[in-house]
*Asks:* 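After the structure tokens below, expect a handful of questions from me.
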Amino acid sequence: GTRIVYERDFLMNLRNSPISK
Amino acid sequence: SLPPIEISPNEHKLQYAYALWYSRRSSGKQPNIQSYDQNLKLVGRFASVEQFWSLYSHLVRPSELTTSTHFHLFKVGIKPMWEDEANQKGGKWIVRLRKGLVSRCWENLILAMLGEQFMVGEEICGAVVSIRFQEDVICVWNKTASDYATTARIRDTLRRVLHLPASASMEYKTHNESLK
């Protein structure tokens, strides 16, 4: 089946997103 | 007994939900199953990228932890103990790090784990970072110690995401060996 894969850079870009904060 | 983790539609769901635990070895006391279990403290859980950063931003860096303390990041439903059903036939890759490297390596490791970069299906159970006096240790736990293809892939992914040199100290240990 499908898996949810995230690259490191993508995860890092969400670090300071409004939702994360 | 905890309620399921809710994710809003605007969040980026992770493949698995994770729980972060903290433990500290009491000095001078003989470790046993009961004391180890009691020493494990659940810090928080998350099931999306945003929830992860929300928790992670409140944590001290591993390099700032005192000696003999540990962070355990495991999939929800798997307790970070050899005796857990998911771990009974499993093992762990152990990477020993000289002082000064642990915070960066830990972050790179958990980002790889959360992002499903290991590509070993359901085999990953979790990761542990241990702060010691002269060295630090990070470990990746998997379910099936006898699955050599999986353990080899985990090892290769660890080398890649942690930028470990070929001479870096890496050792695989089954939980059975630890139990004995």
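Letters A, B, ... are given to chains in the order of the sequence lines, protein chains preceding strands, and every chain is numbered from 1.
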*Asks:* Considering only heavy atoms from C-beta outward, does the side chain of A:R3 approach that of B:Y16 to under 4.5 Å?
*Replies:* yes
*Asks:* Just verifying a value: how many Å separate B:Q51 CD and A:I19 CD1, rounded to the nearest 0.5 Å?
*Replies:* 10.5 Å
*Asks:* When rounded to the nearest 0.5 angstrom, what is the spacing between CD1 in A:I4 and CG in B:L114?
*Replies:* 12.0 Å
*Asks:* For B:E171, does the CD atom sit with more than 12 other heavy atoms under 6.0 Å from it, leaving out its own atoms?
*Replies:* yes
*Asks:* Return the minimal non-hydrogen interatomic distance between B:H12 and A:L14, and the atom names on each side.
*Replies:* ND1-CD1, 3.5 Å
*Asks:* Around atom CD of B:E135, are there more than 12 heavy atoms from other residues, nucleotides or ligands closer than 6.0 Å?
*Replies:* yes
*Asks:* Does B:K89 NZ have over 12 foreign heavy atoms under 6.0 Å away?
*Replies:* no
*Asks:* If you measure from OG on B:S57 to NZ on A:K21, what distance do you get to the nearest 0.5 Å?
*Replies:* 10.0 Å
*Asks:* When rounded to the nearest 0.5 angstrom, what is the spacing between CH2 in B:W53 and CE in A:M12?
*Replies:* 4.5 Å
*Asks:* For B:R104, I'd like to know if atom CZ has over 12 heavy atoms of other residues, nucleotides or ligands within 6.0 Å.
*Replies:* no
*Asks:* At a heavy-atom separation under 4.5 Å, does B:L55 approach chain A through its side chain, its backbone, both, or neither?
*Replies:* neither
*Asks:* When you look at CZ of A:R15, are more than 12 heavy atoms from neighbouring residues, nucleotides or ligands closer to it than 6.0 Å?
*Replies:* yes
*Asks:* Are A:Y6 and B:Q117 side-chain neighbours, meaning at least one heavy-atom pair lies under 4.5 Å?
*Replies:* no
*Asks:* Is the number of heavy atoms from other residues, nucleotides or ligands within 6.0 Å of CD (B:E6) greater than 12?
*Replies:* no
*Asks:* Find out if a path of hydrophobic residues (ILVMFWY) with successive side-chain heavy-atom gaps under 4.5 Å connects B:V60 to B:I110.
*Replies:* yes
*Asks:* Return the minimal non-hydrogen interatomic distance between A:R8 and B:N108, and the atom names on each side.
*Replies:* NE-OD1, 2.8 Å
